[in-house]
There are 2 protein chains.
Amino acid sequence: MSALNDIPDRQIARPSGLAEEVYRRLRADIMSLRLPPDTRVSVDSLARELGVSQTPIREALSMLEANGLVSKKHFAGYATAPRMERAQLDALFEFRLLIEPHAARKAAEAMVGSDIALLDSGAAASSHDAFADIDTDFHKRIAEGAQNPLIADSLSRLHIHVHIFRSCFRSEIAAEAVHEHGAVIAALQARNGAAAEKAMRRHIERSYARLRDFIKD
Amino acid sequence: MSALNDIPDRQIARPSGLAEEVYRRLRADIMSLRLPPDTRVSVDSLARELGVSQTPIREALSMLEANGLVSKKHFAGYATAPRMERAQLDALFEFRLLIEPHAARKAAEAMVGSDIALLDSGAAASSHDAFADIDTDFHKRIAEGAQNPLIADSLSRLHIHVHIFRSCFRSEIAAEAVHEHGAVIAALQARNGAAAEKAMRRHIERSYARLRDFIKD
DNA sequence: GGATCAAATATCCTATAGGATCGCGGGACG
DNA sequence: CGTCCCGCGATCCTATAGGATATTTGATCC
């Protein structure tokens with residue numbers, strides 16, 4: 001563990017700097033489409049709007065850039081990443097299919113019962129937005145349940161793009177997705193790794209097919 | 001395609017800003033161990049050393065932080081990430097084994113012959129450092145040959161950690177690794193996806209075993 | 001020699017300012 | 001009417017400065 005990042009149990013957690021708060025704000029705005037895809041992001045406007053200087057804005061945007069959520073062009077400034085097109089959607093789901101079924105298998109073996117109990121299939125979601133947030137949480141928890149930070153991190157990075165893509169289309173809650181989530185949860189509860197992997201693969205494949213329909217080639 | 005990032009054939013590429021140049025410098029220093037793992041990185045010292053103001057330093061460090069190469073603690077500043085320990089090495093190779101064999105299979109189907117011809121097994125490397133650079137290039141090219149930017153990007157992110165880890169130990173050139181690279185290349189040349197996947201899996205597993213020996217539990 | 005404390009120094013973080021660049025609108029010209 | 005040019009305002013990018021915080025150093029005491 002790095003000497004800079006240790007927060008053992010009894011130490012007092014440090015407050016965040018402004019840059020980190022700006023990062024969180026912008027990330028949330030991107031996810032919720034308050035900052036839509038392919039939109040100019042002005043450093044000066046943001047500084048005025050958030051009531052801070054340009055410095056933390058630029059730092060936050062630098063981090064968002066490294067995460068692929070915004071892009072930067074020298075002397076022209078920043079813009080949010082555009083909505084995924086077909087090739088990117090294909091690439092993303094290829095990637096998910098490599099990782100998430102494996103993560104579900106690992107989670108079936110490693111997750112503690114209290115964490116499994118926190119999984120929510122989204123059955124009680126009252127709106128598309130609520131379902132999208134539950135879906136994000138569902139996949140995040142299982143990725144974390146795989147006990148591999150790289151898996152959790154890489155899925156987190158890409159899931160935000162799924163979230164944004166889906167939000168652009170304001171689809172109805174996918175009753176199928178709720179059903180598929182349920183199958184994954186049942187396999188996890190049964191500690192059946194093979195079944196969890198299979199259920200997650202099926203869910204990802206079906207999710208891919210549903211999202212693909214939004215893009216007309 | 002985002003309006004900000006288009007560089008169609010006849011447009012003039014933009015120069016980089018200072019922040020990007022600082023990012024490249026620091027990244028190279030981290031990779032070469034000129035900036036060792038778990039080392040404080042002072043914004044003011046760097047600004048003096050590189051002859052620029054603090055602003056591009058902070059922006060570059062923000063990007064490096066988002067990439068996991070440095071960490072930041074509020075009011076205490078930045079430090080390079082520590083050398084991987086056993087759990088992180090395990091996580092990293094689990095991840096590689098999910099991705100790289102698949103990438104090799106894809107590359108066997110998709111890579112053009114001229115790119116395959118550029119693959120270098122490292123047989124002619126004259127030193128450990130030269131071999132490490134060739135190894136990085138080898139894996140990078142195959143990941144790119146898989147034609148999925150997410151795969152290429154995620155492997156690029158993690159490979160730098162392998163590179164740093166290996167550099168810490170200054171091991172001899174692994175003649176075995178050269179041989180394994182050769183098997184991967186042969187399968188790619190033969191356009192045999194299954195063989196490429198198998199050869200890459202074998203290489204990653206053996207590489208893992210070799211690196212694991214450096215960490216005494 | 002080790003522990004403690006206070007002062008000095010270095011560094012972190014952010015705000016502000018200024019020069020460079022870009023984009024837009026209006027006017028001139030053919 | 002369409003095109004070109006120029007000026008102006010907005011924005012980008014970086015340097016600088018100053019207050020806040022952390023680290024180091026030196027003195028004192030046991």
Side-chain angles (χ1 to χ4, degrees), chain A residues 1-8 10-26 29 35-36 38-66 69-81, chain B residues 2-8 10-26 29 35-36 38-66 69-82:
Chain A
M1 272 210 261
S2 159
L4 277 189
N5 278 333
D6 290 358
I7 313 192
R10 288 185 52 78
Q11 285 193 1
I12 299 173
R14 286 176 177 256
S16 308
L18 289 181
E20 281 179 63
E21 181 58 34
V22 172
Y23 175 81
R24 276 196 284 266
R25 281 282 185 88
L26 291 180
D29 285 350
L35 251 187
D38 211 17
T39 303
R40 282 291 308 274
V41 180
S42 154
V43 174
D44 284 1
S45 297
L46 266 179
R48 285 193 296 270
E49 179 186 329
L50 299 182
V52 298
S53 78
Q54 297 151 356
T55 313
I57 305 286
R58 298 190 66 83
E59 288 180 33
L61 286 168
S62 293
M63 286 193 281
L64 289 165
E65 184 192 12
L69 294 176
V70 300
S71 57
K72 170 177 151 185
K73 197 169 184 181
H74 196 33
F75 286 136
Y78 291 86
T80 51
Chain B
S2 160
L4 276 188
N5 279 332
D6 289 358
I7 312 191
R10 289 186 50 78
Q11 286 194 1
I12 298 174
R14 287 176 174 256
S16 309
L18 289 181
E20 280 178 65
E21 181 57 36
V22 172
Y23 174 80
R24 277 195 285 265
R25 282 281 185 90
L26 291 181
D29 284 351
L35 251 185
D38 212 17
T39 303
R40 284 291 308 276
V41 180
S42 155
V43 175
D44 285 2
S45 297
L46 267 181
R48 286 191 296 269
E49 179 186 329
L50 299 182
V52 299
S53 79
Q54 299 151 354
T55 312
I57 304 287
R58 298 190 67 82
E59 288 180 33
L61 286 169
S62 293
M63 286 193 283
L64 289 166
E65 183 191 13
L69 294 177
V70 300
S71 57
K72 170 176 150 183
K73 197 169 186 182
H74 195 34
F75 287 136
Y78 292 87
T80 51

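Note: hydrogens, waters and symmetry copies are ignored here, and every other heavy atom, side chains too, is used. Numbered from 1 within each chain, the chains take letters A, B, ... in sequence-line order. Since we're looking at a predicted model, the values are computed, not measured.
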Q: Looking only at atom types and distance, does a side-chain atom of A/Thr80 sit under 3.5 Å from a main-chain N or O of A/Val70, one as donor and one as acceptor?
A: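 The answer is no, because no donor-acceptor pair under 3.5 Å joins these two groups.
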
Q: Once you round to the nearest 0.5 Å, how far does CD1 of B/Ile57 lie from CG of B/Leu64?
A: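 It comes to 10.5 Å.
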
Q: Can you see which heavy atom on B/Lys72 is nearest to which on A/Ala19, and at what distance?
A: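 Looks like NZ-CB, 4.2 Å.
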
Q: Ignoring hydrogens and angles, tell me if any N or O in the side chain of A/Arg58 forms a donor-acceptor pair with the backbone of B/Pro56 under 3.5 Å.
A: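 Such a contact is absent between A/Arg58 side chain and B/Pro56 backbone.
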
Q: Quick one: CZ on A/Arg25 to CG on A/Leu35, what's the gap to the nearest 0.5 Å?
A: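 Nearest 0.5 Å value for the CZ-CG distance: 12.0 Å.
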
Q: Among all residues two or more places apart in sequence or in another chain, which pass the side chain to side chain donor-acceptor pair (under 3.5 Å) test with B/Thr39?
A: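 Result, side chain to side chain donor-acceptor pair (under 3.5 Å) vs B/Thr39: none returned.
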
Q: Mind grabbing the angle between the end helix axes of the helix from C/dG1-D/dC30 to C/dG30-D/dC1? Five pairs an end, 10° rounding.
A: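 End-to-end axis angle for the helix from C/dG1-D/dC30 to C/dG30-D/dC1: 20°, rounded to 10°.
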
Q: For residues 43-53 of chain B, run the donor-acceptor check on the side chains, cut-off 3.5 Å, and write out each pair with its distance to 0.1 Å, sequence neighbours left out.
A:
from, atom 1, to, atom 2, distance (Å)
B/Asp44, OD1, B/Gln54, NE2, 3.1
B/Ser45, OG, B/Ser42, OG, 3.1
B/Ser45, OG, B/Arg48, NH2, 3.4
B/Ser53, OG, B/Thr55, N, 3.3

Q: Mark up nucleotides 11-21 of chain C, 5' to 3', with B wherever a protein heavy atom is under 4.0 angstrom from a base atom, S wherever such an atom reaches only the sugar-phosphate, and - elsewhere.
A: BBBBBBB---S

